[in-house]
There are 2 protein chains.
Amino acid sequence: MAETVTLMKTAQAGESFPEPAQKGDAEKRGRKASKEVRQLQLIEATIDSLAKRGYSETTMADVADGAGLSRGIVNFHFESKEKLLVATLQHMYDEYSAHWRGALQKAGDDPARQLQALVAADFDRSICNKRKLAAWCAFWGEAKSRPTYQALSGSRDAAYQNHFVALCQALKADGGYGFDPQGLALALSAMLEGLWLRLMMGTEDTTRETALQAANEFLASAFPKHYPLTPAGKPREA
Amino acid sequence: MAETVTLMKTAQAGESFPEPAQKGDAEKRGRKASKEVRQLQLIEATIDSLAKRGYSETTMADVADGAGLSRGIVNFHFESKEKLLVATLQHMYDEYSAHWRGALQKAGDDPARQLQALVAADFDRSICNKRKLAAWCAFWGEAKSRPTYQALSGSRDAAYQNHFVALCQALKADGGYGFDPQGLALALSAMLEGLWLRLMMGTEDTTRETALQAANEFLASAFPKHYPLTPAGKPREA
DNA sequence: CATAGTTTGTTGAACATTCATTCAAAATCT
DNA sequence: AGATTTTGAATGAATGTTCAACAAACTATG
């Protein structure tokens with residue numbers, strides 16, 4: 001793994017427009033800052049294109065047009081199309097990772113709360129929207145045949161999985177359940193990914209709310225002592 | 001829906017190897033085979049190519065080479081690349097559909113048995129192998145941006161989902177559980193799809209057996225009265 | 001401060017490659 | 001012979017990449 005394109009994230013440039021007028025960044029030169037902004041702008045345009053046209057029909061021209069720039073610009077900031085896509089995947093991966101870690105932090109020390117927070121985080125609007133899900137799916141479709149993508153394509157990586165196993169173990173010890181923590185954790189995270197897939201396809205009437213309810217239904221079934229059922233199918237409110 | 005390419009399934013075409021060069025040279029070299037055999041041969045070659053190179057790199061030439069035939073042959077049997085891919089997806093869809101219906105039939109009348117059979121069917125070798133899973137994933141990645149694929153891309157369709165809901169309802173009535181059948185059924189089928197995705201990526205040490213165990217762990221947790229836990233994490237043997 | 005020179009960023013056209021499709025001729029079957 | 005299937009080269013369109021010229025921002029120097 002020679003080079004991993006890593007970008008500094010300046011603020012959360014995620015959803016809104018990048019402000020054209022960057023103030024006098026005392027230390028940074030306007031030029032250098034502009035470079036990172038440009039790259040982020042191109043990455044966002046790439047996500048747009050992936051979501052709208054799919055992986056196989058995403059072209060350099062479409063990305064450039066989407067960013068409102070000229071054709072050759074992408075090869076200047078990213079060496080090739082391949083590297084642009086890797087950088088885009090890396091960006092989404094970093095964002096997802098930061099998001100669930102943040103949610104975990106906010107959840108406090110109670111394992112039951114933490115697990116519920118992790119699950120809920122997956123369906124947060126900032127992460128779970130048509131555009132991003134479609135982009136994820138586009139990469140999944142190519143991951144198996146591209147070694148470069150494989151490591152990053154599972155947004156739910158080993159660290160994520162370890163957290164789930166640990167939480168299942170903690171709840172088991174506390175509630176005296178009979179399941180195997182490893183297996184149940186796998187079932188849980190797989191279900192979250194599967195729900196993402198459903199939302200992505202968007203054919204059925206599955207919405208973010210429906211999906212979250214289904215996930216909570218799972219929690220209530222597997223950990224009845226920690227998540228008592230309510231009529232709405234939603235565990236106790238925070 | 002003008003034309004749905006429906007193919008007769010002659011025997012079970014090779015599951016084991018991605019064999020690019022067909023060795024069963026029973027007849028003369030590639031010459032003159034029945035139209036249906038040739039179409040099936042090309043579809044199998046398409047699945048091979050999708051699995052090996054991914055959707056975006058699957059070319060007509062690669063398919064033709066994989067089938068050991070000439071370049072122009074695909075446009076003769078299938079009008080275009082698009083139609084070849086739709087026929088391939090249709091073929092996989094039909095196969096999957098027939099498989100779970102067969103498993104359900106064999107399971108008898110007991111809902112608990114039926115549900116377990118449906119889950120186990122998903123991890124049967126004939127359906128759940130690297131080659132097929134990779135092909136499924138390739139289509140998933142393109143489905144959102146191609147209306148033609150959407151209907152077929154969810155191998156788990158409305159009929160499948162309805163069976164799950166009905167079984168969850170039956171078990172709830174029998175066991176006095178508190179869950180919402182609709183939600184739990186969604187969680188269940190999403191988990192199965194998510195486990196497929198894990199198997200496909202193949203990065204971790206997730207195997208077909210591990211995945212099936214995780215799914216059974218889910219069943220045991222959600223329906224404790226119907227699937228008592230055993231040390232192996234696997235519900236009672238049939 | 002002003003000016004010239006250098007670096008950095010951007011453009012758009014040209015180029016080379018890949019690939020789906022077409023089709024006339026050949027091969028094979030009825 | 002006539003119909004059907006197969007071949008392989010030709011064609012044209014799409015697309016990633018390169019590059020020479022240009023513009024803007026920055027630096028050095030007078």
Side-chain angles (χ1 to χ4, degrees), chain A residues 5 7 18 20-43 45-46 49-50 52-88 138 142 145-146 148, chain B residues 21-22 25-43 45-46 49-50 52-88 138 142 145-146 148:
Chain A
V5 183
L7 295 172
Q22 85 270 32
K23 307 318 291 261
D25 222 355
E27 303 305 329
K28 297 280 184 177
R29 324 275 163 87
R31 197 164 50 189
K32 180 143 194 223
S34 162
K35 185 161 189 169
E36 280 159 8
V37 166
R38 260 299 114 86
Q39 292 189 341
L40 213 53
Q41 182 184 0
L42 290 171
I43 285 180
T46 305
S49 185
L50 286 171
K52 190 176 302 173
R53 314 173 41 142
Y55 187 99
S56 70
E57 304 233 310
T58 286
T59 67
M60 300 286 264
D62 192 51
V63 170
D65 288 354
L69 297 173
S70 73
R71 297 291 152 91
I73 195 66
V74 187
N75 286 96
F76 177 79
H77 286 286
F78 303 89
E79 198 174 319
S80 65
K81 184 184 183 185
E82 174 77 14
K83 294 199 174 153
L84 166 69
L85 290 168
V86 170
T88 302
E142 295 291 322
S145 51
R146 314 236 178 175
T148 321
Chain B
Q22 93 278 34
D25 222 352
E27 305 299 328
K28 285 289 186 170
R29 56 189 56 189
R31 289 292 147 101
K32 191 53 185 182
S34 91
K35 202 157 191 164
E36 279 156 6
V37 167
R38 193 97 313 162
Q39 290 188 342
L40 211 53
Q41 183 184 1
L42 289 171
I43 284 179
T46 304
S49 185
L50 286 172
K52 190 177 302 173
R53 313 173 41 142
Y55 187 99
S56 69
E57 304 233 310
T58 286
T59 68
M60 300 287 264
D62 192 52
V63 170
D65 288 353
L69 298 171
S70 72
R71 299 290 153 90
I73 195 67
V74 188
N75 287 96
F76 177 78
H77 286 286
F78 303 88
E79 197 174 320
S80 65
K81 184 183 183 184
E82 175 76 13
K83 293 199 174 152
L84 166 68
L85 289 168
V86 171
T88 301
E142 297 291 321
S145 50
R146 314 237 179 173
T148 322

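- For the pair Glu36(A) CD and dG9(C) C1', the interatomic distance rounds to 15 Å; values are reported in whole Å.
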Produce the list of close N/O pairs, under 3.5 Å, pairing protein atoms with atoms of nucleotides 11-16 of chain C; give distances to one decimal.
| unit_1 | atom_1 | unit_2 | atom_2 | d |
| --- | --- | --- | --- | --- |
| dT11(C) | OP2 | Ser70(A) | N | 3.0 |
| dT11(C) | OP2 | Ser70(A) | OG | 2.9 |
| dT11(C) | O5' | Ser70(A) | OG | 3.1 |

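- Counting heavy-atom neighbours within 6.0 Å of Lys81(B) NZ, excluding the residue itself, gives a total above 12.
- A donor-acceptor distance shorter than 3.5 angstrom exists from the side chain of Thr46(B) to the backbone of Leu42(B), with no hydrogens or angles considered.
- Protein atom CG of Asn75(B) is 5 Å distant from nucleotide atom P of dT21(C), rounded to whole Å.
- Using a distance-only test at 3.5 Å, with no hydrogens or angles considered, a donor-acceptor pair links the side chain of Glu142(A) to the main chain of Ser56(B).
- For Arg53(B), the salt bridge (charged side-chain N to carboxylate O under 4.0 Å, His left out) partners two or more places apart in sequence, or in a different chain, are Asp62(B).
- Counting only heavy atoms from C-beta outward, the side chains of Lys35(A) and His77(A) approach each other to under 4.5 Å.
- Nearest to the side chain of Lys35(A), among dG9(C), dT17(D), dT21(C), sits dG9(C).
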Between protein and nucleic acid, restricted to nucleotides 10-15 of chain D and to nitrogen or oxygen atoms under 3.5 Å apart, what atom pairs and distances do you find?
none

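- In terms of modelled atom types and a separation under 3.5 Å, the side chain of Thr88(A) and the main chain of Leu84(A) share a donor-acceptor contact.
- The CG atom of Leu85(A) sits 12 Å away from the C1' atom of dG16(D) (whole-angstrom rounding).
- Atom CG in Asp62(A) sits about 14 Å away from atom C1' in dG16(D), given to the nearest Å.
- Between the P atom of dC19(C) and the CG atom of Leu84(B) lies a distance of 16 Å, rounded to the nearest Å.
- Across the protein-nucleic acid pair, Lys83(B) atom NZ and dT21(C) atom P stand 10 Å apart, rounded to whole Å.
- Taking 4.5 Å as the limit, some side-chain heavy atom of Ile43(B) sits within range of a side-chain heavy atom of Phe78(B).
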**Request:** Report the C-alpha separation of Leu40(B) and Glu36(B) in whole Å, then their side-chain angles, then the decisive distance to 0.1 Å, and conclude whether the side-chain contact (heavy atoms from CB on, under 4.5 Å) test is met.
**Result:** CA-CA 6 Å; Leu40(B) 211 53; Glu36(B) 279 156 6; over 6 Å; no

